[in-house]
Amino acid sequence: MVSRVAVSEDFRKQVLGYGLTTAQILYRMPDHPSLLQTYVWQNYDLFPNFPALKDFLSFWQQKLEGPLFAVTVAHSKLIKPAELRAVDGVFRLH
């Protein structure tokens, strides 16, 4: 009997080389252009071209009224937690 285990889409992307990308987007308020508002976008994306982020920013510029002021990007290739490694043994101290 073979069972299929559902794997999340995020895990599949990680196996394909995608990494967690966070973008802080500063944009001008449409009715008060002197004020800046912030928006945080987070998704799995490919480093260094960021196609998903570029698609989102293109959508923003075409469909939303708030003009972009600045975009700051952080990616797991730049800041990354410790990698998982196989352990040869476990030692316990009391």
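Everything quoted here is computed from the prediction, not taken from an experiment.
- A single hydrophobic cluster is seen to contain both L16 and L20, as judged by linkage of ILVMFWY side chains at heavy-atom distances under 4.5 Å, directly or through other members.
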side-chain contact (heavy atoms from CB on, under 4.5 Å) for T21 and W41? Distances and angles first, verdict last.
CA-CA 8 Å; T21 304; W41 177 90; 4.1 Å; yes
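- In terms of hydrophobic clustering, with Ile, Leu, Val, Met, Phe, Trp and Tyr side chains grouped at heavy-atom distances under 4.5 Å, Y39 and V73 are assigned to a common cluster.
- Using a 4.5 Å cut-off on side-chain heavy atoms (C-beta onward), L36 and M29 make no contact.
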Extract all donor-acceptor atom pairs below 3.5 Å that involve side chains of residues 49-64 and protein atoms in other chains or at least two apart in sequence.
residue : atom : partner : partner atom : Å
K54     : NZ   : N49     : O            : 3.3
S58     : OG   : Q62     : NE2          : 3.3
W60     : NE1  : G66     : O            : 2.7

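- Within the model, atoms NZ of K13 and OH of Y44 stand 9.5 Å from one another, a figure rounded to the nearest 0.5 Å.
- In this structure, OH in Y27 is found 10.0 Å from CG in L68, a value given to the nearest 0.5 Å.
- The minimum heavy-atom distance linking D45 with H75 is given by the pair O-NE2, 3.3 Å.
- P30 and P33 make their closest contact through O-CD, 4.3 Å (heavy atoms, listed as atom of the first residue, atom of the second, distance).
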